[in-house]
Amino acid sequence: MTSSPLANLATQKAGLLAAIAALATLDDLREAEPAITGKRSILSTLQKSLGSLEPDARREAGAQLQEARREVEAALELRRTVLAAAARAVLLESDRLDLGDVVVGAVRWPASAGHPGLVASTQRALEDVFVGMGFTVAEGPEVESDWYNFEALNIPPAHPARGMWDTFYVDLGEPETVVLRTHTSPTQIHLMEVAVAADSLPIHSVMPGRCYRRDTPDARHLAAFHQIEGLVVDRGITFADLAGVIETFTRAYFGPDIESRLRPAFFPFTEPSAEFEVTCTICRGEGCRTCSQTGWIELGGCGMLDPAVLEAVGIDGEVWSGFAFGFGVDRCAQMRHQIADMRALIENDTRFLRQFS
Ligand code: DAH
């Protein structure tokens with residue numbers, strides 16, 4: 001009697017189970033799989049050898065082998081599941097973002113919180129100066145009708161003065177009737193209308209906010225920029241009051257060694273009008289690229305309220321008079337911090353931003 005081909009099955013099976021238990025990674029498992037359960041595996045070889053047995057013996061041996069294969073395959077699947085779970089855990093661990101580590105390990109401590117940008121903090125500083133001088137602060141919309149942005153300010157349609165402002169039109173209503181405000185001056189109109197309706201004159205207010213012009217950005221211009229408008233409507237206001245406010249503001253904001261000057265100019269909504277300039281802080285008046293070699297930087301315009309503007313909002317010019325001014329907030333930040341190129345304000349370079357935290 002020849003010995004059964006399955007005489008060593010128990011030992012062989014134990015060897016396979018031990019080999020499976022020793023597999024350390026999914027890659028190892030994939031590599032070993034053909035040798036454990038594949039066509040050339042010992043189980044398949046044994047399967048083939050059963051062919052030489054008598055039918056009864058073959059059936060019995062076949063069942064035995066089948067049972068051994070089931071056990072080995074189950075062990076292999078279990079190992080696959082365990083190794084896959086371990087691989088996933090390793091992956092998750094390496095992907096984990098430990099926010100605690102980020103803060104604790106950071107070089108800068110305490111961790112830096114966000115802070116207002118330079119333009120926002122400049123606007124607040126300007127408001128503070130004017131509030132200290134007795135002004136209130138008001139705001140108006142950035143999208144205006146043609147009437148507020150131009151007409152009520154004594155700039156009728158087709159008036160050549162409209163060329164002073166390269167305007168962005170909003171596609172709303174009749175063509176060219178809605179604009180992104182080109183200056184903060186329309187807020188004067190809103191304020192005067194409200195004061196007339198509420199019978200609450202006089203007005204001493206400043207109005208900061210964003211404005212838009214179709215300008216190509218350069219060292220002194222941005223297409224979206226900020227202005228602060230000033231408006232005084234009261235009894236017996238003269239040009240001397242205006243000049244005094246401008247001078248007081250300049251010293252308070254820029255310091256005693258920066259001078260201001262008013263130069264005759266034209267604005268449709270004021271008469272007389274002036275341009276308001278301060279010593280260029282980049283070159284201290286010597287002349288440089290930023291001030292186009294003049295030693296002066298134009299901050300904005302100002303003047304006595306034109307009677308046509310008072311009339312447009314229904315204020316009696318016989319009783320009330322006033323002045324207005326408007327100038328660039330970004331320009332003030334540029335001059336106060338000696339920023340040669342204004343485009344730095346919108347580039348969001350953190351090396352720049354950090355200097356003003
Ligand atoms: N709105 C003018 C501008 O943006 C500046 C200005 C000039 C404002 C004279 C005024 C003013 O209030 O009186 O160019």
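Both counts, for ligands and for their atoms, begin at 1 and track the order of listing.
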What atoms of ligand 1 come closer than 4.0 angstrom to any heavy atom of [X]?
X	result
Gly303	13 (O)
Trp165	3 (C), 4 (O), 14 (O)
Glu229	8 (C), 10 (C), 12 (O)
Thr270	13 (O)

Quiz prompt | Pair Ser205, Thr136: side-chain N/O donor-acceptor within cut-off below 3.5 Å | solution = yes
Quiz item: Side chains of Tyr148 and Glu193: donor-acceptor distance under 3.5 Å anywhere?
Solution: yes
Practice problem: Answer yes or no: does atom CD of Gln12 have more than 12 heavy-atom neighbours from other residues, nucleotides or ligands under 6.0 Å? | Solution: yes
Quiz item: Can you find an N or O of Gln188 that's nearer than 3.5 Å to an N or O of ligand 1?
Solution: yes
So, does [X] sit close enough to ligand 1 that a heavy atom of it is under 4.0 Å from the ligand?
X	result
Arg213	yes
Cys302	yes
Gln227	yes

Exercise. List the closest protein heavy-atom neighbour of atom 11 (C) of ligand 1: residue, atom name, distance to the nearest 0.1 Å.
Key: Phe269 CE1, 3.5 Å
Quiz item: So which heavy atom in the protein is nearest atom 5 (C) of ligand 1, and how far is it from that ligand atom?
Solution: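 So the nearest neighbour among protein heavy atoms is Gly326 O, 3.9 Å.
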Quiz prompt | Residues Arg80 and Glu33 bridged, charged N to O under 4.0 Å | solution =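 Salt bridge flag = yes for Glu33 with Arg80.
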Quiz item: Taking 4.0 angstrom as the limit, do Glu67 and Arg70 come out as a salt bridge?
Solution: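 Salt bridge: yes.
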Exercise. Answer yes if the ring centres of Phe239 and Phe323 are under 6.0 angstrom apart, and no otherwise.
Key: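 No, too far apart.
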Practice problem: For residues Phe249 and Phe327, establish whether the separation of their ring centroids is below 6.0 Å. | Solution: yes
Exercise. Using ring pair (Phe, Tyr, Trp, His ring centres under 6.0 Å) as the criterion, point out the one residue from Tyr212, Phe269, Phe267 that pairs with His183.
Key: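 Going through the options one by one, the only one that passes is Phe269.
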Practice problem: Heavy-atom distances under 4.0 Å are what count here, so tell me which part of Ala324 touches ligand 1: side chain, backbone, both or neither. | Solution: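 For Ala324, the contact with ligand 1 is made by both the backbone and the side chain.
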